[in-house]
> 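Sharing a structure below in structure tokens format, with a few things to ask.
One is the number of the first residue; the rest follow in order along the sequence. Indexing begins at 1, ligand by ligand and atom by atom, following the structure's order.
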Amino acid sequence: MIDTALSTPACSISVSLNKVRHEIRRALIDSERVENSATLVAVSKMQSTDKIETVINADQWVFGENYVQEACAKWPALKERFSRIELHMIGPLQSNKVKEALQVFDVIETLDRHSLAQALAKEIQKQGRAPKLFVQVNTGDETQKGGVSVSELGAFLKDCKTIYDLNIEGLMCIPPFDQPPSPHFALLREYALEYALPCISMGMSSDFEQAIMLGATHVRVGSRVFGDRAV
Ligand SMILES: *Cc1c(COP(=O)(O)O)cnc(C)c1O
């Protein structure tokens, strides 16, 4: 059997990348937003280095990964060759992986608890290297999902600054799979405005246009760029 995920030719990847770019531009125009005010984070988890290089060669520099171990295996060599790369951590981050995470990620979108804030603060001091930080918000209050609950967000943001001296630049959310995403996107935008945070990461392959209409500054798109994942 031919595995379509592994055999997607380079030309089809650039076609889908350009389609996504076009749809992002379209959604920005439709919502009367400034050109280029939404960054495409190409989510490359479970994708091969070959495919990633195809996307880099199509002038895409911002990527997202979910797992520290996978990112550390794939990205140091790529970053050595392509210094413009900006790598976002978009998966749950364990405190004991913070050291490695800081070595490879430029943005961490999933800060969601005190123990992680503390571990990040300590390691940032040690390495003298500070990633951009977004706080993940559990807008659907799902017990199994990461993210700060809406009721604790204000206090958590304050603690990040006053206790851990961390500069938070944005918010991120993953709406519940079984609900329309728009109310969650609207809520995240409200909080970003309330706390004066410039970055709003929301929207994936199935809903990035809605997210842009509702103010996303970063959309995280995987399968619509790369094709289906190998797993
Ligand atoms: C995998 C993943 C994405 C990308 O998902 P697609 O549906 O492939 O676009 C975006 N955000 C997060 C947090 C993810 O884990």
> Can you tell whether the side chains of K161 and D165 come within less than 4.0 Å, N to carboxylate O?
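D165 and K161: not salt-bridged.
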> Write none if no such pair exists; otherwise list each N/O atom of ligand 1 with its protein N/O partner under 3.5 Å and the distance.
residue	atom	partner	partner atom	Å
ligand 1	8 (O)	S223	N	2.8
ligand 1	8 (O)	S223	OG	2.9
ligand 1	8 (O)	R229	NH1	2.8
ligand 1	8 (O)	R229	NH2	3.3
ligand 1	9 (O)	S205	N	3.0
ligand 1	9 (O)	S205	OG	2.5
ligand 1	9 (O)	G222	N	2.7
ligand 1	11 (N)	R220	NE	2.9
ligand 1	15 (O)	K45	NZ	2.7
ligand 1	15 (O)	N66	ND2	2.7

> Strictly by modelled atom types, are H184 and Q179 linked by a side-chain donor-acceptor pair under 3.5 Å?
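Judged by distance alone, the side chains do pair up.
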> Show your working on side chain to side chain contact (heavy atoms under 4.5 Å, CB included) between F226 and L17 and close with a plain yes or no.
CA-CA 8 Å; F226 285 96; L17 176 64; over 6 Å; no
> Would you say R33's side chain and S37's backbone share a donor-acceptor pair under 3.5 angstrom?
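Present.
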> Between K132 and E86 (salt bridge meaning N to carboxylate O under 4.0 Å), is one present in this structure?
no
> Is it the case that the ring center of F63 lies less than 6.0 angstrom away from the ring center of W75?
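Between W75 and F63, the centre distance is under 6.0 Å.
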